[in-house]
There are 2 protein chains.
Amino acid sequence: MSIPTPTPTTQSKESVTCPMDFILRMLMGPWTTYILYNLRTHGPQRFGELKRRVSGISAKMLTERLRTLEGAALVKRDYEATIPPKVTYSLTKRGGELDEVMDRLAEIAVRWEAEDAAQRAARAAEARAPENLGELRAAE
Amino acid sequence: MSIPTPTPTTQSKESVTCPMDFILRMLMGPWTTYILYNLRTHGPQRFGELKRRVSGISAKMLTERLRTLEGAALVKRDYEATIPPKVTYSLTKRGGELDEVMDRLAEIAVRWEAEDAAQRAARAAEARAPENLGELRAAE
DNA sequence: CCGTATCCCCGGGGATACTG
DNA sequence: CAGTATCCCCGGGGATACGG
C-alpha cells in the first residue's frame with residue numbers, strides 16, 4: 001500500500017502506536033471509502049455492479065481492495081458457481097459497525113464546509129463594509 | 001498524494017461523492033494519524049521534537065503534511081523569528097473536533113482486537129476438544 | 001533550528017489481453 | 001462474468017546538501 005509506515009528498523013522504543021491506526025490504514029486504502037459507501041447505500045451487489053459504480057477503478061484494484069476488506073472481515077464474499085459465475089459482496093456485521101463513525105465524520109465534514117462558506121461570505125461582506133470586525137474571527 | 005481519485009475524466013454523473021471523503025483523505029495522508037496523535041498526547045511542540053517522535057518520517061514529508069494540515073485548519077503554526085527560529089505546532093479547535101471520532105475508532109479497534117483474540121482462543125480450544133461448537137461462530 | 005531544492009529510485013496502479 | 005497475468009510508466013517520497 002502507499003501509506004508509508006515508520007520504518008521497522010528506524011522504529012524506536014518511543015514509537016507511537018495509536019490503536020486506531022489499523023482501522024485507518026484500512027479505511028485509508030485507496031478507493032476504500034467509495035467501496036464501503038456503495039455497499040452501504042446500494043446494499044449487497046456483484047463485482048461488475050460495484051465496479052461500474054465506483055467509477056474509474058480498475059478491476060485489479062477493486063479485487064485487491066475487496067480481498068483486503070474481506071481479510072479484515074469488513075466485507076463478505078458470496079461465490080455462486082453458476083455459469084456464468086455470480087459473486088456478491090456485502091458488508092459484514094463488523095463492516096456495519098463503522099457506520100456510526102462514518103456518519104459522524106460525514107456530519108463534521110458537512111459542518112466544516114458550511115462554516116467555511118460562512119467565513120468566505122463574511123470576509124466578502126467585510127471587504128465591502130469594513131465595520132464591526134472580529135466576532136466571527138474570534139471563533140478561530 | 002498517493003490515494004487515487006476517480007479520474008475526473010472518467011468521473012460519471014453517477015459518481016459517488018461521499019461527504020466524509022475530504023476528511024478521510026486528510027486523515028488518510030501518510031503519517032497524518034501519527035502526527036495528530038502526537039500533537040494530542042504531547043501537546044504543542046516544535047518541528048524537531050515532532051520529527052523525533054514520529055520516528056522514521058523525513059523532514060520533507062513532515063513539512064508537507066504539516067502544511068496540508070495547516071491548510072485544512074487542523075493545525076496551527078506559530079513562528080517565532082528568534083535566532084535560531086522557533087516554530088511550534090499545535091492542534092486548532094477544529095483539529096480537536098476529531099478527537100471524539102478518533103476515540104471511537106480507537107475503541108472499536110481495541111474491541112475488534114479483543115474479539116479476534118477470543119476467537120483464536122476458542123478455535124484453539126475447539127481443536128483440542130471439539131464438542132459444543134457454534135455459539136461463538138454464530139456471531140459471524 | 002527549520003526548513004527548501006535537487007536528485008533518484010522503487011513500486012503502486014492502470015491498460016490490455018487472456019482464462020475458468 | 002469475475003477475475004488473473006503481464007507489462008510499463010509515473011510520481012511519491014527518501015537521502016542529501018544547502019539557505020535564512
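Note on naming: letters A, B, ... go to the chains in the order of the sequence lines (proteins, then strands), and numbering restarts at 1 for each one. Keep in mind the model is a prediction, meaning the values are calculated, not measured.
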Please report the distance, rounded to the nearest Å, between [atom1] in [X] and [atom2] in [N].
| X | N | atom1 | atom2 | result |
| --- | --- | --- | --- | --- |
| Asp78(A) | dC1(D) | CG | C1' | 16 Å |
| Ile57(A) | dG12(C) | CD1 | P | 16 Å |
| Leu66(B) | dG13(D) | CG | P | 15 Å |
| Leu50(B) | dG3(C) | CG | C1' | 14 Å |
| Ile83(A) | dG20(C) | CD1 | P | 13 Å |
| Glu80(B) | dC2(C) | CD | C1' | 13 Å |
| Leu62(A) | dA15(C) | CG | C1' | 16 Å |
| Glu70(B) | dC2(C) | CD | P | 15 Å |

Would you say the side-chain atoms of Glu80(B) pair up with the backbone N or O of Asp78(B), donor to acceptor, closer than 3.5 Å?
-> no

Just by modelled atom types, is the Gln45(A) backbone N or O under 3.5 Å from a matching donor or acceptor in the Thr88(A) side chain?
-> no

Any carboxylate oxygen within less than 4.0 angstrom of a Lys/Arg side-chain nitrogen, looking at [X] and [Y]?
| X | Y | result |
| --- | --- | --- |
| Arg94(B) | Asp116(A) | yes |
| Glu70(B) | Lys76(B) | no |
| Glu64(B) | Lys60(B) | no |

Using a cut-off of less than 4.0 Å, is there contact between a side-chain N or O of [X] and OP1 or OP2 of [N]?
| X | N | answer |
| --- | --- | --- |
| Arg67(A) | dT4(D) | yes |
| Tyr89(B) | dG3(C) | yes |
| Trp31(A) | dG14(C) | yes |
| Arg77(B) | dG3(C) | yes |
| Arg46(A) | dA2(D) | yes |

Would you mind telling me which residue lines up with the more 5' stretch of DNA chain C, Pro84(B) or Pro84(A), judged by nearest nucleotide?
-> Pro84(B)

Among [options], which nucleotide has an atom closest to any side-chain atom of [X]?
| X | options | result |
| --- | --- | --- |
| Thr63(B) | dC2(C), dA15(D), dT4(C) | dT4(C) |
| Met61(A) | dG3(C), dG13(D), dG14(C) | dG14(C) |
| Ala59(A) | dT6(C), dT4(D), dA15(C) | dT4(D) |

When Lys60(A) and Phe47(A) are each assigned the nearest nucleotide of DNA chain D, the 5'-most assignment goes to Phe47(A)

